Each structure stands twice: as C-alpha cells, then as structure tokens.
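It should be emphasised that the depicted structure is a prediction, and the values quoted were computed from it without experimental measurement. For this chain, numbers begin at 1 and follow the sequence in order.
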Amino acid sequence: MNKLIKDLQHRHLVWHGGIKTPEPNLESSGYLELDQHLNGGLIKAGAIEILTETSIGELRLLLPTLTADPERLLIFINPPGNVSATMLASQGIDLQQVIVINPDKEKDALWSAEECLKSGTCGSVLIWLDQAIEIHQVKRLQLAAEKGASRVFMLRQKRYETLSLPLDLSMSLTASPSGIDAQINKRKRGWPSKAFHIDMQHHWPTLTLGKIPDNLVYFPTTKVS
C-alpha cells in the first residue's frame, strides 16, 4: 500500500487538503486576483468549465490566456455570436491561427472539440454548450486535452451546473461594473473559494466603470403615487 501511495504522490495524483501543492503545469491568467485563487494560474492542459451569462466579459477574462501560445490554433465552437476578428487582431492574435466551427448539433460540437484537442495542434478550444453534459463526455474531452497538451473551456449557463463532473476546474462568473466577480466551484488539488472580484479597469478601461460616486441618485424603477 505504501509503495502505491508513494507512486501516486510521485505522479502528482495525491492531494493533501492542508497543503498548497504547486500545480505541475500552470500559466498566469493575466489577472492577479484569479492567479492568487488558483495557486498560480490556469492549467495548460485539461477541462475547464466556465458558468456564466453571455457577454459579461468572460472572453475578455480569457484573452490573456488565449494569446499565450500564438504558434498553436485557437478554436471557437458554437460561439453565441460572431467572433470579432478586429478584436482578436487588436490583441495580437494571428487570424490565420483562428478557426470557428458551428455544427448543427451539440454532439457534433463535442466531437469537434475532442478531435481538435487530441490533434496536438490547438492551444485552446472554447466550446459553448446549451444543455447538460454527461460525465463520460467530460472525461473524453479531458483525455483528449491531455493527449494533445491542450485545454478546453466549456462555457455554459449556471443552471447546468453539476458538481459531480470530473473537471480540472469549474468557475462561476457574474457581471460587475469594474470587471467580473468570480467563484471557484471546484478544482483539482485545491478548495472551492468564496466569490472574489477581478478588476478589469487596467486591461479594459473603456469597457468598465470606475468607482461609482456616493451621491449618485438612481432613476426610479417603480412609479411613486
């Protein structure tokens, strides 16, 4: 038994709850607050779930990570709108390295993600899902990501949250005037977190609001008789 445990520890497969074990393969997310809660940053290979409403800044949050590996392909599968080539180019992303896939069926979207991940040519795959996902589907994506040394970001709404999925990381995002409020739901080798704020004013000053004045009077939403 001791030999087995030592072997698992050597392969970073044993996690001690009271010890902050360094992740073997992390890179900075580009946001200090998020890196601190993830013990260094996002994993370079694996399955990451992002529970979020659409267009609250989730892509802006991921952009520093998506631009970190310019030599490999960046894949968008079933994005909820048109991916802005202008925005990607402005962030230094080579558009020749970007592929957008829009399958008719969700099972085809998952198949596309799996093939891209295990090909070894993709740095990141983003897939938007509009229904619950099964454990075996996540496991297939995870194994494909490990094989191709890639990572998949699965973006979907919070009503689909299932804590039993074998994810490397699950985060919930909510909108905030100066950035995004995030919460770690689960992650390997770490604990969930309470909600924390990610300030985006430095990265995106024109798309965020500064401190709201104390004397601001909000327009009434109900009629006063």
* Asked: Is the backbone N or O of P166 less than 3.5 Å from a side-chain atom of Q142, with the two atoms forming a donor-acceptor pair by type?
  -> yes
Return the [atom1] to [atom2] distance between [X] and [Y], rounded to the nearest 0.5 Å.
| X | Y | atom1 | atom2 | result |
| --- | --- | --- | --- | --- |
| Q91 | S84 | CD | OG | 10.0 Å |
| M171 | I180 | CE | CD1 | 8.5 Å |
| I50 | L173 | CD1 | CG | 5.5 Å |
| L169 | R189 | CG | CZ | 12.5 Å |
| Q97 | L88 | CD | CG | 12.5 Å |

* To do: Return yes if a side-chain donor-acceptor contact under 3.5 Å exists between Q96 and D94, otherwise no.
  => no
Find out if a path of hydrophobic residues (ILVMFWY) with successive side-chain heavy-atom gaps under 4.5 Å connects [X] to [Y].
| X | Y | result |
| --- | --- | --- |
| L26 | L66 | yes |
| I43 | L117 | no |
| I77 | L73 | yes |
| L167 | F153 | no |
| L59 | I99 | no |

Tell me the closest heavy-atom pair linking [X] and [Y], and the distance in Å.
| X | Y | value |
| --- | --- | --- |
| H197 | G179 | CE1-N, 4.0 Å |
| D35 | G30 | OD2-N, 4.1 Å |
| D199 | S178 | OD1-O, 3.4 Å |
| I93 | L74 | CD1-CD2, 4.0 Å |
| A113 | L141 | CB-CD2, 3.9 Å |
| Y31 | I198 | CD2-CG2, 3.6 Å |

Do [X] and [Y] come close enough that some side-chain heavy atom pair is under 4.5 Å?
| X | Y | answer |
| --- | --- | --- |
| N39 | R187 | yes |
| I56 | S176 | no |
| L143 | E114 | no |

Residues in salt bridge (charged side-chain N to carboxylate O under 4.0 Å, His left out) with [X], at least two apart?
| X | answer |
| --- | --- |
| E106 | none |
| K147 | none |
| K118 | E115 |

Show which side-chain atoms of residues 120-136 pair as donor or acceptor with protein atoms under 3.5 Å away, not counting sequence neighbours.
{"from": "T121", "atom 1": "OG1", "to": "S119", "atom 2": "OG", "distance (Å)": "2.9"}
{"from": "S124", "atom 1": "OG", "to": "R151", "atom 2": "NE", "distance (Å)": "3.2"}

* L34 and F196: side chain to side chain contact (heavy atoms under 4.5 Å, CB included), yes or no, with the steps? -> CA-CA 9 Å; L34 183 55; F196 60 94; 3.9 Å; yes
* To do: Scan for salt bridge (charged side-chain N to carboxylate O under 4.0 Å, His left out) pairs involving residues 41-50, sequence neighbours excluded, and state none if there are none.
  =>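 As it turns out, the salt bridge (charged side-chain N to carboxylate O under 4.0 Å, His left out) pairs with a partner in residues 41-50, which skip direct neighbours, are E49-R156.
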* Of all pairs that satisfy side chain to side chain donor-acceptor pair (under 3.5 Å), the ones with a partner from residues 55-78, not counting sequence neighbours ->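 For residues 55-78, and leaving out neighbouring residues, there are no side chain to side chain donor-acceptor pair (under 3.5 Å) pairs at all.
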